[in-house]
Q: 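Sharing a structure with you now.
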Amino acid sequence: MNKNESMSRYGPLVGAIDEGTSSARFLVFAADTAEVLTYHQVSISQTYPKEGWVEQDALEILRAVRECLKQTVFNLKQLTIDPADIVAIGITNQRETTVVW
């Protein structure tokens with residue numbers, strides 16, 4: 001059986017890590033239809049050390065992204081969708097971040 005024969009009814013899947021200003025999310029889409037199959041989102045705290053500045057804890061961001069990945073994979077399994085069908089994952093993040101992915 002080749003990989004295409006073993007894929008779920010949704011075909012290949014694409015994941016997206018969206019690390020934004022106030023939250024991190026991991027979404028999984030059906031590649032053929034762009035339908036969002038499941039996702040998980042976690043809020044991220046912010047501090048404002050002086051006017052116009054916003055700071056976040058890089059380790060909190062990492063923990064949030066990991067939690068989103070773990071919960072979304074769990075969600076896929078609950079929907080009887082094989083997480084191994086994810087063929088690509090993209091990352092979006094804040095424009096002014098200095099944390100290197």
Side-chain angles (χ1 to χ4, degrees):
M1 181 182 312
N2 67 36
K3 180 65 178 168
N4 290 337
E5 292 171 345
S6 67
M7 288 205 171
S8 74
R9 62 195 176 276
Y10 297 101
L13 309 178
V14 175
I17 297 170
D18 177 15
E19 197 292 299
T21 312
S22 60
S23 68
R25 291 186 290 180
F26 182 56
L27 303 95
V28 175
F29 301 84
D32 295 336
T33 65
E35 175 187 359
V36 175
L37 301 177
T38 188
Y39 74 96
H40 189 72
Q41 184 171 355
V42 174
S43 295
I44 297 172
S45 60
Q46 303 168 354
T47 58
Y48 304 91
K50 65 189 237 183
E51 189 173 334
W53 288 24
V54 178
E55 291 183 357
Q56 294 178 300
D57 180 343
L59 292 177
E60 180 184 2
I61 292 170
L62 180 60
R63 283 189 296 270
V65 170
R66 285 181 171 170
E67 180 182 333
C68 289
L69 292 166
K70 183 178 178 180
Q71 184 61 48
T72 302
V73 166
F74 176 81
N75 294 349
L76 286 170
K77 290 177 181 178
Q78 294 298 303
L79 296 167
T80 64
I81 300 171
D82 187 355
D85 290 347
I86 298 173
V87 296
I89 297 175
I91 300 174
T92 66
N93 67 332
Q94 303 168 42
R95 291 180 295 274
E96 289 82 22
T97 185
T98 57
V99 176
V100 178
W101 290 86

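Nothing here was measured: the structure is a model prediction, and the numbers come from that model.
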Q: Of all the heavy-atom pairs spanning T21 and Q46, show the shortest one and how long it is.
A: O-NE2, 2.6 Å
Q: Regarding E60 and S45, is there a side-chain donor-to-acceptor distance under 3.5 Å anywhere?
A: yes
Q: Between D82 and L13, what is the shortest heavy-atom contact and its length?
A: O-CD1, 4.1 Å
Q: Do F29 and L37 have side-chain heavy atoms sitting under 4.5 Å apart?
A: no
Q: Is it possible for you to say whether L27 and I89 belong to one hydrophobic cluster, with membership spreading through side-chain heavy-atom contacts below 4.5 Å?
A: no
Q: Report yes if some heavy atom in the side chain of H40 is under 4.5 Å from a heavy atom in the side chain of V73; otherwise report no.
A: no
Q: Do V42 and V36 sit in the same hydrophobic cluster, where Ile, Leu, Val, Met, Phe, Trp and Tyr count as joined when their side-chain heavy atoms come under 4.5 Å apart?
A: no
Q: Atom CZ in R25, atom CD1 in I44: separation rounded to 0.5 Å?
A: 11.0 Å
Q: Shared ILVMFWY cluster between L69 and Y39, side chains joined below 4.5 angstrom?
A: no
Q: Apply side chain to side chain contact (heavy atoms under 4.5 Å, CB included) to the pair Q56 and T47, showing each step before the final yes or no.
A: CA-CA 6 Å; Q56 294 178 300; T47 58; over 6 Å; no
Q: Looking only at heavy atoms, what is the nearest atom pair of T72 and C68, with distance?
A: OG1-O, 2.8 Å
Q: Atom CZ of F74 and atom OG1 of T38: how far apart are they, to the nearest 0.5 Å?
A: 10.5 Å
Q: I'd like to know if I91 and F26 are part of one continuous hydrophobic network [Ile/Leu/Val/Met/Phe/Trp/Tyr, side-chain heavy atoms within less than 4.5 Å].
A: yes
Q: Between D32 and P12, is any pair of side-chain heavy atoms under 4.5 Å apart?
A: yes
Q: Can you tell me how far apart CZ (R66) and CG (L59) are? Round to the nearest 0.5 Å.
A: 9.0 Å
Q: Decide side chain to side chain contact (heavy atoms under 4.5 Å, CB included) for T92 and E19; before the verdict, give the C-alpha distance in whole Å, the side-chain angles of both, and the deciding distance to 0.1 Å.
A: CA-CA 6 Å; T92 66; E19 197 292 299; 5.9 Å; no
Q: If you look at every heavy atom in A64 and A24, which pair is closest and at what distance?
A: CB-CB, 4.0 Å
Q: Can you measure from CD (E67) to CD (Q71) and round to the nearest 0.5 angstrom?
A: 7.5 Å
Q: Is V14 reachable from L76 through a run of hydrophobic residues whose side-chain heavy atoms are each under 4.5 Å from the next?
A: no
Q: Is a donor on one side and an acceptor on the other found under 3.5 Å between the side chain of T33 and the backbone of E35?
A: yes
Q: Would you say Q41 and D18 make side-chain contact, with heavy atoms under 4.5 Å?
A: no
